[in-house]
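Labels below follow one simple rule: chain letters A, B, ... track the order of the sequence lines, proteins then strands, and each chain is numbered from 1.
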Amino acid sequence: MSKNENYYRRVDLPAGELHVFAKDELFEAMGARTLEMANNNLQIPDIRYMSYTPDAHVGVGTCIGTTAVWETERAFVSPSIVGSDIGCGMRVHVTNLKAEDLKDVKLRRKLVKAIEKRLPVENHARGYFSDIRLEDALRKGLHGLPGKYVPDAYTPRKATSLTHVECSRFRFDESWLDRIPEQLWHRSHRQLGTLGGGNHFVEIQAVDIDEGNRRIAEQWGLQDGQVIVMIHSGSRSWGGAVNQYCGSEVAKTMRLLGLGTADPKLAFAPLDSEAGQAYANLMYSALNFAVVNRHLIGYAIRDAFKDTLGAPFEMRTLYDLMHNYAWEERHGDASYFVHRKGATRSLPAGHPDNPAPYASTGHPALIPGSMGTSSYLMVGSPEGARNYYSICHGAGRVRSRNATKQLVTVDEFASSLRIGQDDEIVVNHKGLESIIDESPQAYKDVDQIIESVVGAGLATVVAKCRPMATVKGV
DNA sequence: ATGTCC
């Protein structure tokens, strides 16, 4: 780590201050368009704080990597600063396996096949959980699931399904659900327990503990070489339904109140307006969907492991958390409405908002890398308060899907996954052509992102997680 | 991201 490196700067834009947490070369690579977008977002009335994490890049209306904060009493809510996949986030399960148990590439292939059998990954796929009512999941989150799906039977010594999550149930005014048209409801039926496409994935990884945080790693129950399962998915078409219905409501309100910026795609409304309330309440239903969806993906993977390995198998939940959402948080003595779009909350030890099991360590912050590269388990630092405890959400895209398809060959992609070697990262796609836009060259180097977060003092590394097998949608 | 244009 170079001593003269800067990891933070304040950028004074015409509309206000943008705080950027990134090492110099990452900041310089962000480009003028990211600053233009910040300047538009800073024109939303009464905004109190806005920042970019080092993985920030251009998105629709608002950059992915944004944290934007209002005081709750005069808050605006913005579908653009939540992002299209409401509730998108990460989940990690800790197995009782060691990496050497999965050393045989044939076994990893068998495992990937077993996962595909229980986890629909193709476009338009229906989920297998036909006895779960969509309404119950939307209203009550994990508490709306039948008992058999809260699989603590797999974690006999410790119940972790409901306690080791950022939030097991988002409460909201459920009468807003009636506003969603029947046709949009229909799309979401039987979609719980499906992976989705794009950057969503399930990955089997091996843990490498960082010496500096070995004590915390042990308190989290992690050991070197331990196999974990990392899940990245969101609210599928239900989030889309919420955006579709609320998008037009928010647009109406903006016209009525004469609100807007240079970017017509940047949508926002006062939180206490009719449209703001519609969006906030229905957004919470989508957060419930996303948490339940990742939970059920975990449930399916447990069964796949059990089918493949037999033997006593455990897969307790380490944590589930989001990186596309907005909600109320207390900071100091005041209440704030915090938006995170491609940003992860990372609370330090002792912070009162940690779930009970992580009160004394801080909760795990789950940061995925790109395909073929490592992922990270982080923990927040007290100094993270200066950024409302937001850190990065992953590597961050560096070139478009089309540009990546132009640039990267199938052979290059295959070699980055070490296809054909003993330590091959097994992928569920026979041909890599269809997911070449997810190759590592589409993304920034996650190690540089992590170095920036650590260098800025926002969080520290607890473990680096090496990929062994990956399941992707299309 | 998304039954990615019913």
TODO: Would you please name every residue forming a side-chain hydrogen bond (donor to acceptor under 3.5 Å, both in side chains) with His143(A), sequence neighbours left out?
DONE: Ser168(A)

TODO: Report the residues that fulfil side-chain hydrogen bond (donor to acceptor under 3.5 Å, both in side chains) with Thr194(A), sequence neighbours left out, ordered by chain and then residue number.
DONE: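 Here the qualifying residues are Arg236(A).
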
Open item on the list: Quick one about Asp173(A) and Ser175(A) (side-chain donor to acceptor, distance below 3.5 Å, no hydrogens or angles considered), yes or no?
Closed with: yes

Between [atom2] on [N] and [atom1] on [X], what's the gap in Å once rounded to a whole number?
| X | N | atom1 | atom2 | result |
| --- | --- | --- | --- | --- |
| Asp437(A) | dT2(B) | CG | C1' | 15 Å |
| Ile180(A) | dT2(B) | CD1 | P | 17 Å |
| Arg401(A) | dT4(B) | CZ | C1' | 11 Å |
| His124(A) | dT4(B) | NE2 | C1' | 8 Å |
| Asn243(A) | dT4(B) | CG | P | 15 Å |
| Asp85(A) | dT2(B) | CG | C1' | 8 Å |
| Leu192(A) | dT2(B) | CG | P | 13 Å |
| Gln191(A) | dT4(B) | CD | C1' | 13 Å |

- [ ] Record whether the side chain of Asn123(A) comes under 3.5 Å of the base of dT2(B) through a donor-acceptor pair of N or O atoms.
- [x] no

Which atom pairs, donor and acceptor, lie under 3.5 Å between side-chain atoms of residues 50-57 of chain A and protein residues at least two apart or in another chain?
residue: Ser51(A); atom: OG; partner: Asn387(A); partner atom: OD1; Å: 2.6
residue: Tyr52(A); atom: OH; partner: Thr34(A); partner atom: O; Å: 2.6
residue: Tyr52(A); atom: OH; partner: Ala38(A); partner atom: N; Å: 3.4
residue: Thr53(A); atom: OG1; partner: Asp55(A); partner atom: OD1; Å: 2.7
residue: Thr53(A); atom: OG1; partner: Gly65(A); partner atom: O; Å: 3.2
residue: Asp55(A); atom: OD2; partner: His393(A); partner atom: N; Å: 2.9
residue: Asp55(A); atom: OD2; partner: His393(A); partner atom: ND1; Å: 2.6
residue: Asp55(A); atom: OD2; partner: Gly394(A); partner atom: N; Å: 3.3

Show me, pair by pair, the donor-acceptor contacts under 3.5 angstrom made by side chains of residues 240-250 of chain A, not counting sequence neighbours?
residue: Asn243(A); atom: ND2; partner: Ser84(A); partner atom: O; Å: 2.9
residue: Asn243(A); atom: ND2; partner: Gly239(A); partner atom: O; Å: 3.3
residue: Tyr245(A); atom: OH; partner: Arg179(A); partner atom: NH1; Å: 3.3
residue: Ser248(A); atom: OG; partner: Tyr245(A); partner atom: O; Å: 3.2
residue: Glu249(A); atom: OE2; partner: Lys252(A); partner atom: NZ; Å: 3.1

Open item on the list: Contact list please: residues 278-296 of chain A against DNA chain B, heavy atoms, distance less than 4.0 Å, in numerical order.
Closed with: none

Open item on the list: When you measure from the side-chain N and O atoms of His200(A) to the phosphate of dT2(B), is any distance below 4.0 Å, counting only OP1 and OP2?
Closed with: yes

Task: Touch class at under 4.0 angstrom, heavy-atom based, for Gly83(A) against every strand present - done: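 No contact at all - Gly83(A) keeps every heavy atom at 4.0 Å or more from the nucleic acid.
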
Task: Sugar-phosphate only, base, or nothing, as touched by Gly196(A) at under 4.0 Å among non-hydrogen atoms - done: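 Sugar-phosphate, no base atom in range.
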
Task: Tyr325(A) ring center near His339(A) ring center (under 6.0 Å) - done: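 No, the ring centres sit 6.0 Å or more apart.
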
Open item on the list: Holding to side-chain contact (heavy atoms from CB on, under 4.5 Å), I want the full list of residues that pass it with Asn288(A), two or more places apart in sequence or in another chain.
Closed with: Phe170(A), Phe172(A)

